[in-house]
Amino acid sequence: MLTVAIVALVKVIVVLVIFLLMIAYLTWWERKLLAHFQVRLGPMRVGPHGLLQPLADGLKLLFKEDITPAGSNRIIFTLAPIITFVPTFMVLAVIPFGKSITLFGKSIDLIISDFNMGILYIFAVVSLGVYGIVLAGWSSNNKYSLLGGLRSSAQMISYEVSLGLSVIGILMLSGSLSLVNIVNQQDSILNWYIFRQPLAFVIFLICALAEINRIPFDLPEADNELVAGYYTEYSSMKFAMFFLGEYGSMINASAIATTLFFGGWQGPWLPPVVWFLIKIGAFLSFFIWLRATLPRFRYDQLMRFGWGILLPLALLNIFITAIIMVW
Amino acid sequence: MLNYINSLLAIPRGLLVTFKHLFKPAVTLRYPEVKEKLPERYRGLHYLARDENGDEKCVCCGLCALACPSGCIYMEPGENQRGERYARVYEINELRCIFCGYCEEACPVGAIFLGKEYEFSNDKREKFIYTKEELLVPLPGEKKV
Amino acid sequence: MEFLIFFIAAIILVFASVLVVVQRNPVHSALFLIAALCAQAILYLLLNATFLAVIQIIVYAGAIMVLFLFVIMLLNLKKDEFGPERRKAQSFFGILFAVLLLMELGLVVKIGLSKLTPADASLSFDFGGVQLVGKSLFTDYLFPFELTSVLLLVAMVGAIVLAKKKL
Amino acid sequence: MVPLSYYLFLSGLIFTIGVLGFLVRRNLLVMFMCIELMLNGVNLFLVSLARKFGSMDGQIFVFLIMTVAAAEAAVGLAIIIAFFRNKKSANVDDLNLMKW
């Protein structure tokens, strides 16, 4: 009992630390890569090639003045960043990041909790993340924030439907809701679900982009129309929490996409954990690449695209999968 | 239908364009360490020239002040020991100056020039009124004011 | 351990439910309702209803309550628009009735429990899991299940008709 | 192992709180939330009995109640919006057109 608890605790701590480090260096990587896409250099001053930039940013944010606007709802205003930030951590609990290893004569699974309904759990936790944004928008007592919050909640609810439906094809093929089983089924590259569910992958990717508010779906925080959307009024550590939450959910989206479609930690030669990190990194770079390329959607286009194109496509995907399975 | 396919293909096309840009060398200049090569006719901070004897060329005729569209040049004439007219006071307000170079063109004796110096920022407004001592080219062996 | 979790979840559930009723600001009420729903999901987990616990969070906390919050923000009620709240007589009778109801429920549960003969049934391995829920949903309860789809369709049409200004 | 009676009393308590709120509050939205509370009390009751008898029927019922709650929320909130649009209020006391 005690050893189980200790092992679990160690796993949680290690995963959290690595996750936070990844978030920190994701901001650096994004700035750097984006700069090179735009034929610039990006951060160069703090440390060699700006490697200590995340540290400097963090310190700067920590020492900024923490402002709570007058007329805002103080409790909810403080609560909102926490609500956006915590679910991103909770998603990590069910993502397998490696084959089980043997340590001190004990076999340890490289997953925090092998919950047999991993995918449903992820959806449950992710759906709670909307509240942070909505409440932040509402409690700031600011028109831009409220508009940003409303927009984002509408966007997230709309795209969550297609996101859920796009995964159902995989669930039908795998016959399991456990992410561990899904990864184990993709043992060779031909068994990766991207090849068996290409349409689902495209829908999943688009919906995931919309869920994590990345360009081209960054309407909630559209800088040039809404100042900064729902976090216009936020400063200092609270702003940092939104920032962490956003980049954390970006990593989560990559991790889930990797697990579902790209065989998770499966791969030859290299250790499984390394493969997992490489695949996540590729996804993150792809997101940044998209940011460097695509313009933002208009709001009505966004809604029409979500309900009019993605949802029918997702349903069609389920339909085709069912037909092929029964055949 | 063809329209749709075309607009869908626009996304990978755009991605390709940005991808090509990824490998271009950055145009950024790392400023304080590396400085931009200024063009030949760059107009920066003024300086007052001296003749071959090391005397000031300026005869305080006032043509530069007349030509100046922003009226930033102020001068008071004086007479030196040899009885020649010279500028006792010569001030240029660099905050008002628009660096048009008309003073340089107006000068009949070739005394005022616009140099290549552009790093003369300061946090006090008074420091931008450059006096004659600051504008004159230092004599060899003399330290610049 | 199980007792501890039960009591924590139960206390959160009861307090949050009371606060839903007591809070003057509807947004606060909605937030406490979300907290209550999450606490109840924990109770479901204790009762081996894993699938229901997850569905509770996805459907209730993730969809229905977001809709509530959305509407509250859309209406954006000012303080004075809440109207006169809690009339004295009404509160008195309301509380009286609630206490009577609670006593009655308690009595019913007590009497009912004494007549309940079977001991705890042994549970199958994945009781409350997706497979068992799915199996009974698509065999024994197929007709109600299909009816819910009709119900949802009707609700959707109804909501659109009601919310639209002009048809 | 928590005794069944605890769960049943708890669900009764939640149901009662829902009823109380429904009777006492005058804000339509909060009344609606109290209905959700009542439904949840019943759900807890059903799930705990399902556990006791080791049969899935109770859980299936909860599942069905949840779909009903979702449908109810959609229609009910639409009604509230329509009401608010006409009366600029969310108070049940203003909902008196068919009173006489």
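Lettering of chains follows the sequences in order, A, B, ..., and the numbering in each one begins at 1. What you see is a predicted model, and the numbers here were worked out from it, not measured in a lab.
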Pairwise distance OG(A/S127) to CE(C/M65) - rounded to 0.5 angstrom:
12.5 Å

Is it the case that over 12 heavy atoms from other parts of the model lie below 6.0 angstrom from the OH atom of A/Y299?
yes

Of the backbone (N, CA, C, O) and the side chain (C-beta and beyond), which part of C/L67 lies under 4.5 Å from a heavy atom of chain A, both, or neither?
neither

Under 4.5 Å from any heavy atom of chain A - which part of C/V59:
neither

For chain C, which candidate among A/F123, A/Y121, A/W138 shows the most heavy-atom pairs at distances under 4.5 Å?
A/W138

dist C/L69:CG -> A/Y131:OH (nearest 0.5 Å) comes out at 6.0 Å

Side chain, backbone, both or neither: which part of A/I157 has a heavy atom under 4.5 Å from chain C?
side chain

Take atom CZ of C/F7 as the centre, draw a 6.0 Å sphere, and report whether it contains more than 12 heavy atoms from other residues, nucleotides or ligands.
yes

Got a sec, which pairs hit side-chain hydrogen bond (donor to acceptor under 3.5 Å, both in side chains) with one end in residues 311-322 of chain A, sequence neighbours left out?
A/Q197-A/N317, A/Q197-A/T321

Atom CZ of C/F93: over 12 foreign heavy atoms under 6.0 Å:
no

Where on A/I75 is there a heavy atom nearer than 4.5 Å to chain C: the side chain, the backbone, both, or neither?
neither

Answer yes or no: are there more than 12 heavy-atom neighbours, outside A/F89 itself, under 6.0 Å from its atom CZ?
yes

Counting only heavy atoms not in A/Q185, do more than 12 fall under 6.0 Å of its CD?
yes

What's the separation between atom CD1 in C/I58 and atom CD1 in A/I122, rounded to the nearest 0.5 Å?
10.5 Å

What do you reckon, is CE of A/M172 surrounded by more than 12 foreign heavy atoms closer than 6.0 Å?
yes

Picking from A/L146, A/L177, A/L135, which has the most non-hydrogen pairs under 4.5 angstrom with chain C?
A/L135

Go through the structure and list residues passing salt bridge (Lys or Arg N to Asp or Glu O under 4.0 Å) with A/R304, not counting sequence neighbours.
none

For the atom pair CG (A/L79) and CG (C/L31), what is the distance rounded to the nearest 0.5 Å?
7.5 Å

Mind listing the closest non-hydrogen atom pair of C/F70 and A/S153 along with its distance?
CE1-OG, 2.9 Å

CD1 on C/I57 to CG on A/L128, rounded to 0.5 Å:
6.0 Å

